[in-house]
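Have a look at the structure below before the remarks.
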Amino acid sequence: MSKFTDKVKLVVSKIPAGKTMTYKEVASQAGNPKAARAVANIMSKNYDSAVPCHRVIRTDGSLGGYNRGGESAKRKILLSEGVKL
DNA sequence: GCGCTGACTGTCA
DNA sequence: ATGACAGCCAGCG
């Protein structure tokens with residue numbers, strides 16, 4: 001496991017409920033502002049229950065994707081946490 | 001170690 | 001505003 005991956009997971013797990021972070025932001029916090037794709041890749045292939053990746057969305061406001069039910073489920077979770085979409 | 005893939009992002013037409 | 005194109009990065013075969 002690379003340092004970047006670990007950092008990404010840490011950053012995402014630090015996102016408070018009711019808030020969302022873009023892949024770009026997460027990548028930046030992880031140390032690589034250009035690794036937004038890598039972040040998404042990590043989430044899609046290696047989902048971690050300790051990492052609420054449903055709080056990570058696209059920069060344009062789209063939900064992006066979710067490997068545990070799709071965008072619908074993701075949207076539902078976010079709304080449930082009080083996130084305005 | 002090389003090449004392909006993907007839950008991305010920014011720029012151009 | 002929408003669609004296409006290119007650039008970037010980590011993970012996997």
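The figures that follow rest on heavy atoms only: side chains count, while hydrogens, waters and symmetry mates do not. Residue numbers begin at 1 in each chain, while the letters A, B, ... track the order of the sequences.
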Partner of A:L63 under side-chain contact (heavy atoms from CB on, under 4.5 Å), chosen from A:T20, A:L85, A:V56
A:L85
Would you mind telling me which of B:dA7, B:dT9, C:dC9 lies closest to the side-chain atoms of A:K24?
B:dT9
What is the distance from CG of A:N67 to P of B:dC8, rounded to the nearest Å?
13 Å
What is the distance, to the nearest angstrom, from the CG atom on A:L63 to the C1' atom on B:dA7?
11 Å
Sort out the partner of B:dG6 for me: Watson-Crick or G-U wobble, both distances under 3.5 Å, none otherwise.
C:dC9
Check whether any side-chain heavy atom of A:D6 sits under 4.5 Å from a side-chain heavy atom of A:K3, and report yes or no.
no
Counting just side-chain N and O atoms, does A:T22 come under 4.0 Å of either OP1 or OP2 of B:dT9?
no
Once hydrogens and angles are ignored, does a donor-acceptor distance under 3.5 Å link the base of C:dC8 to the side chain of A:R37?
yes
Compare side-chain N and O positions of A:N41 against OP1 and OP2 of B:dA7 and report whether any pair is under 4.0 Å apart.
no
Value in whole Å for how far the P atom of C:dC9 lies from CD of A:E25
18 Å
Report the distance from atom CG of A:N32 to atom P of C:dA10, rounded to the nearest whole Å.
5 Å
Does A:T59 have a side-chain nitrogen or oxygen under 4.0 Å from the phosphate oxygens OP1 or OP2 of B:dT9?
yes
What integer distance in Å separates A:Q29:CD from B:dC8:P?
20 Å
Spacing of A:M21 atom CE and A:C53 atom SG [to the nearest 0.5 Å]:
14.0 Å
If you measure from CG on A:L79 to NZ on A:K84, what distance do you get to the nearest 0.5 Å?
10.0 Å
Going by heavy atoms in the side chains, are A:H54 and A:E81 under 4.5 Å from each other?
yes
Judged by each residue's nearest nucleotide on DNA chain C, which is more toward the 5′ side, A:A35 or A:K45?
A:A35
Which part of the nucleic acid, if any, lies within reach of A:F4 when heavy atoms closer than 4.0 Å are counted: base, sugar-phosphate only, or nothing?
sugar-phosphate
Tell me: NZ of A:K9 to C1' of C:dG11, nearest whole Å?
13 Å
Tell me: CE of A:M43 to P of C:dC12, nearest whole Å?
14 Å
In whole angstroms, the gap separating P of C:dA1 from CG of A:D60 amounts to 12 Å
Between B:dC8, B:dA7, C:dG11, which one does the side chain of A:R58 approach most closely?
B:dC8
